[in-house]
Chemist: 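What follows is a structure written as structure tokens; I'll ask about it next.
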Amino acid sequence: MDSVEEPLPEGLKVIIIGAGPTGLLIAHVFKKLGINVAVYERDAHRAARPRDWNLGIFWAQAGIEECLPPEINALLATAQTDTSRPPAADSAISMFNGATGEMIGKVPTPYCVRLRRRAWLDLMENGIDVRYNMELVSVADSGPGVVRATFANGASASANLVIGADGAHSATREKVLFAAAPADGALLKSPILMSTTLTTIDAAAAQALRALNPLFCITLNPNGLYTFFSVHDCSSANPAEWIFMVVVTWPGNNNNNNDNKELADDAARLDDLRARAQVLTSPFREALASIPPGTRIWHGPLCSWPTQPWDSRGGRVTLAGDAAHPMTFHRGQGLGNAITDVTELRGHLSAMAAHTPAELARAVRAYEAEVWRRGYDAVMSNLHNTSLIHDWGRLTQSPLFKAGVAKEVPPSAEAEALGARRTVGLEMGGLQDGS
């Protein structure tokens, strides 16, 4: 593609990098405020990525309603994993001892909304200017209050603000804000390994899982194995056609668990999951063992980035969502914090005295002061939780046990998590730089 530059329109212009949940939510906020906004997505089209998954909103539901227009909010139920079950006061995640099947407890998730990611994005893209095949390369100053974003296809566009909402592997964070010190913006690998898939399973196992909990359940195991089963699509009358999201994590630094072998392809990853399933009781063992051959399985270490302040170039380049605070998932806090980013930014934008570059920059700087603190605390607290839930002897000390998926954790648990800031790397076998 020949180099093409989009001119800066009259009034404010905002560029959002990434057409995921955070990016599209932010786009709707700016649209509601009457500010020119466009979303630039590196993928060729919405369905370009083969992977889909589902997401839980445990305490930030009100933020969704604030940010989205009524016509999209009205359709939100159509993106739920089980469209026949409206959010309920008694919703809970069931936790089991994976070796014995004994119920350990229930994590309350009142009025939880569980959404299929791709279906939700299809809804939120309505009414938003999304440009595909736009992989960010750089952001350069382009005059007072203006920056210019350049993309791999040769296109460029100028704006008063660029927001990186491009996920954990954020190009905005790694290539732009921390370009001078790449290690400072890089993801940190933990020794906790994960394999995850969307799959059908044996019909009897599917029915048994949903008899235990119709939406989701967790197993925890004395050897450190964690599993999460979440129904993804149960619209078929045939249980053999139900689709589940399956996530399995384990401590990768335990040589006794056969964790050092290469899992280079789907066949090897499936064999590994089936081997790990042998320590589980029914129906969890059968659920893993019956994953069909040829199923796509994603595998790798869990990563995070403890949020730190970045140079936003006077409030003209910033981050939101997983780009700002990628965290481990075992307490379900990632999406809630992303939605909080959007609602806090919305509050500062709404307080602008006028739609000028200077007022916009002030709003961004106020937002950043909040997200830097909250993001760091959330990343470290969840990293600490991930460490504990893979350690049978310390399981009940984890924020998951003490606070469930609530936004706030008890002071004692919070103190433990924050006290672990300096030691959590040692607890988890040492964090390593990497992507």
Side-chain angles (χ1 to χ4, degrees), residues 53-61 79-117 192 194 196-198 201 205-221 224-234 242-250 280-284 287-288 302 327-337 339 378 381-382 384-392 395-410 413:
W53 61 93
N54 56 67
L55 306 155
I57 306 173
F58 298 116
W59 44 262
Q61 295 91 325
Q80 289 186 167
T81 56
D82 184 348
T83 56
S84 70
R85 290 180 175 272
D90 61 352
S91 174
I93 304 173
S94 301
M95 294 193 299
F96 298 90
N97 181 324
T100 66
E102 177 187 6
M103 179 177 281
I104 297 173
K106 289 187 175 183
V107 178
T109 59
Y111 301 104
C112 165
V113 177
R114 194 93 196 165
L115 300 173
R116 289 170 286 123
R117 182 179 184 273
I192 302 298
M194 176 182 73
T196 183
T197 187
L198 279 183
I201 59 176
Q207 290 176 303
L209 280 179
R210 298 201 70 210
L212 293 174
N213 189 303
L215 293 179
F216 34 40
C217 57
I218 289 170
T219 75
L220 302 158
N221 207 57
L225 188 72
Y226 165 101
T227 71
F228 178 67
F229 298 93
S230 172
V231 67
H232 185 78
D233 186 344
C234 56
W242 294 346
I243 299 173
F244 289 83
M245 182 175 76
V246 179
V247 185
V248 183
T249 60
W250 64 92
L280 299 175
T281 191
S282 297
F284 315 112
L288 291 183
L302 294 183
M327 63 189 73
T328 52
F329 70 88
H330 293 95
R331 214 167 68 81
Q333 301 297 294
L335 182 55
N337 272 278
I339 296 169
S381 177
N382 282 281
H384 182 54
N385 178 72
T386 291
S387 172
L388 295 180
I389 67 164
H390 292 89
D391 183 341
W392 189 256
L395 188 62
T396 57
Q397 301 172 31
S398 67
L400 178 65
F401 270 68
K402 293 186 175 184
V405 295
K407 180 179 182 180
E408 304 295 336
V409 300

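Counting begins at 1 with the first residue of the sequence. Heavy atoms only: backbone and side chains are in, while hydrogens, waters and symmetry mates are out.
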Chemist: List in chain and number order the residues that pass side-chain hydrogen bond (donor to acceptor under 3.5 Å, both in side chains) with Asn54, two or more places apart in sequence or in another chain; answer none if no residue qualifies.
Modeler: Arg114, Ser230, His232
Chemist: Name all residues meeting the side-chain contact (heavy atoms from CB on, under 4.5 Å) criterion together with Ala60; count only those two or more places apart in sequence or in a different chain, and write none if there are none.
Modeler: Ile57, Ile339
Chemist: Could you list the residues that satisfy salt bridge (Lys or Arg N to Asp or Glu O under 4.0 Å) with Asp391, not counting sequence neighbours?
Modeler: Arg394
Chemist: Show me, pair by pair, the donor-acceptor contacts under 3.5 angstrom made by side chains of residues 95-106, not counting sequence neighbours?
Modeler:
from	atom 1	to	atom 2	distance (Å)
Asn97	OD1	Ala99	N	2.8
Asn97	OD1	Thr100	N	3.3
Thr100	OG1	Glu102	N	3.2

Chemist: Could you tell me which residues satisfy side-chain hydrogen bond (donor to acceptor under 3.5 Å, both in side chains) with Trp59, sequence neighbours excluded, listed by chain and number?
Modeler: Gln333
Chemist: Listed by chain and number, what are the salt bridge (Lys or Arg N to Asp or Glu O under 4.0 Å) partners of Arg210, not counting sequence neighbours?
Modeler: Asp82
Chemist: State whether the side chain of Ser398 and the backbone N or O of Leu395 hold a donor-acceptor pair below 3.5 Å, judged by distance alone.
Modeler: yes
Chemist: What pairs with Pro86 under side-chain contact (heavy atoms from CB on, under 4.5 Å), at least two apart in sequence or on another chain?
Modeler: none
Chemist: Can you name the side-chain hydrogen bond (donor to acceptor under 3.5 Å, both in side chains) partners of Thr196, sequence neighbours left out?
Modeler: none
Chemist: Test your reading of the model: is there a side-chain donor-acceptor pair from Arg331 to the backbone of Gly404, 3.5 Å cut-off?
Modeler: yes
Chemist: Where the side chain of Thr109 meets the backbone of Ser91, is there a donor-acceptor pair that is under 3.5 Å apart?
Modeler: yes
Chemist: For Thr197, enumerate each residue passing the side-chain hydrogen bond (donor to acceptor under 3.5 Å, both in side chains) test, keeping only those at least two apart in sequence or located in another chain.
Modeler: none
Chemist: Please identify each residue that fulfils side-chain contact (heavy atoms from CB on, under 4.5 Å) with Ser282, with sequence neighbours left out.
Modeler: Arg285, Glu286
Chemist: Could you tell me which residues satisfy ring-ring contact (aromatic ring centres under 6.0 Å, His included) with His390, sequence neighbours excluded, listed by chain and number?
Modeler: His330
